[in-house]
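Below is one structure, written out as structure tokens; comments come after it.
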Amino acid sequence: MKEIAGDLNASGMRLAIVVSRFNAIFTEQLLKGALDAAARHGVKEADITVVRVPGANEIPLAASRLAAKGDADVVVALGAVIDGATDHAMLINTSVARALCQIGLDNDVPVLNGIVCAHSLDQAIERSGSKAGNKGFDTVVAAIEAVNVLKQI
């Protein structure tokens, strides 16, 4: 039996992060967590590209261009969408998640979804660096492992 598993050595890895400005109180914390994870695992600052877009709905197009360009080994999407009185958040979350998956498949580049989808402000706070950790940090760790698994396949 052959088993393939990724490690967390990100030395030489090129990371692209697309982060939305909407709900910046949360997305900036997600970005800080993502950059912290990258640094802790060996990604050089010069190998990180951060692209800022207005909101979560604009993330897929920027991610698609980054994946197609070939300058990144992995693309990480960061944002925060919080439920309101309408179904708008659900529509955004569903369409963005599907688009990010398709971008990865179309370009053979891992595209990881680190968008916080919260039912309340408290949930968004918890996932952006308090009780539930920092989903930006977690997503970059998963991105590093994904890249290393794919290198072996």
Side-chain angles (χ1 to χ4, degrees), residues 3-60 62-64 66-67 72-85 87-105 109-152:
E3 183 175 330
I4 298 172
D7 61 34
L8 295 177
N9 178 5
S11 181
M13 194 173 291
R14 299 167 303 157
L15 169 65
I17 301 171
V18 182
V19 59
S20 70
R21 286 193 307 270
F22 194 78
N23 285 323
I25 191 169
F26 306 114
T27 62
E28 288 303 311
Q29 293 305 310
L30 294 171
L31 180 58
K32 285 179 185 176
L35 295 173
D36 181 35
R40 287 178 191 243
H41 291 91
V43 180
K44 294 180 183 169
E45 191 172 324
D47 289 332
I48 300 172
T49 300
V50 175
V51 177
R52 295 179 185 275
V53 296
N57 209 39
E58 291 75 37
I59 290 173
S64 180
L66 288 163
D73 297 309
V74 63
V75 179
V76 169
L78 300 176
V81 180
I82 303 164
D83 283 345
D87 290 337
H88 182 74
M90 181 187 68
L91 296 172
I92 294 287
N93 292 333
T94 301
S95 65
V96 169
R98 285 184 180 152
L100 293 174
C101 287
Q102 193 61 53
I103 291 163
L105 293 170
V109 172
V111 178
L112 280 83
N113 186 344
I115 298 172
V116 170
C117 304
H119 293 297
S120 66
L121 289 174
D122 286 340
Q123 284 183 346
I125 291 166
E126 289 173 3
R127 289 162 175 77
S128 301
S130 71
K131 281 194 260 183
N134 185 304
K135 296 309 172 193
F137 187 99
D138 297 343
T139 305
V140 167
V141 170
I144 292 165
E145 185 174 355
V147 168
N148 287 330
V149 164
L150 291 173
K151 284 180 183 178
Q152 299 175 61

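Numbering starts at 1 and runs along the sequence shown.
Summarising the geometry of Val140 relative to Ala38, their closest heavy-atom pair is CG1-N, 3.8 Å, with the distance given to 0.1 Å. Listed here is the closest heavy atom pair of Val81 and Ala56: CG2-CB, 3.7 Å. In this structure, Thr27 and Ala80 approach most closely via the heavy-atom pair CG2-N, 3.7 Å. Heavy atoms only, all atoms of each residue included: Ile82 and Ser120 are closest at CG2-C, 3.9 Å. Across all non-hydrogen atoms, the minimal contact from Phe26 to Ser128 is CB-OG, 3.6 Å. Taking both residues in full, the closest heavy atoms of Leu78 and Gly136 are given as CD2-CA, 3.8 Å, listed atom of the first, atom of the second, then distance.
Listed by first and then second residue, the side chain to side chain donor-acceptor pair (under 3.5 Å) pairs that reach into residues 44-60 are Glu28-Arg52, sequence neighbours excluded. Sequence neighbours left out, the pairs with a member in residues 4-25 that pass salt bridge (Lys or Arg N to Asp or Glu O under 4.0 Å) are Arg14-Asp73.
For the atom pair CG of Asp122 and CZ of Arg127, the computed distance is 10.5 Å after rounding to the nearest 0.5 Å. How far CG of Asp83 is from CE of Met90: 9.0 Å, rounded to the nearest 0.5 Å. Here Ile59 contributes atom CD1 and Ile17 contributes atom CD1; the two are 11.5 Å apart, rounded to the nearest 0.5 Å. Once rounded to the nearest 0.5 Å, the distance linking CG of Asn134 with CG of Leu31 reads 9.5 Å. How far NE2 of His41 is from CD of Glu145: 10.0 Å, rounded to the nearest 0.5 Å. To the nearest 0.5 Å, atom OG1 of residue Thr139 and atom CG of residue Leu30 are 8.0 Å apart.
Side chains of Val141 and Arg40 form no contact here, defined as non-hydrogen atoms less than 4.5 Å apart.
Side-chain N or O atoms of Ser64 include none that pairs as donor or acceptor with a backbone N or O of Pro60 at under 3.5 Å. With hydrogens and angles ignored, the 3.5 Å screen pairs no side-chain donor or acceptor of Thr94 with any backbone N or O of Leu91.
Counted within 6.0 Å of CD1 on Ile25, heavy atoms from surrounding residues, nucleotides or ligands total 12 or fewer; the atom is thus considered open.
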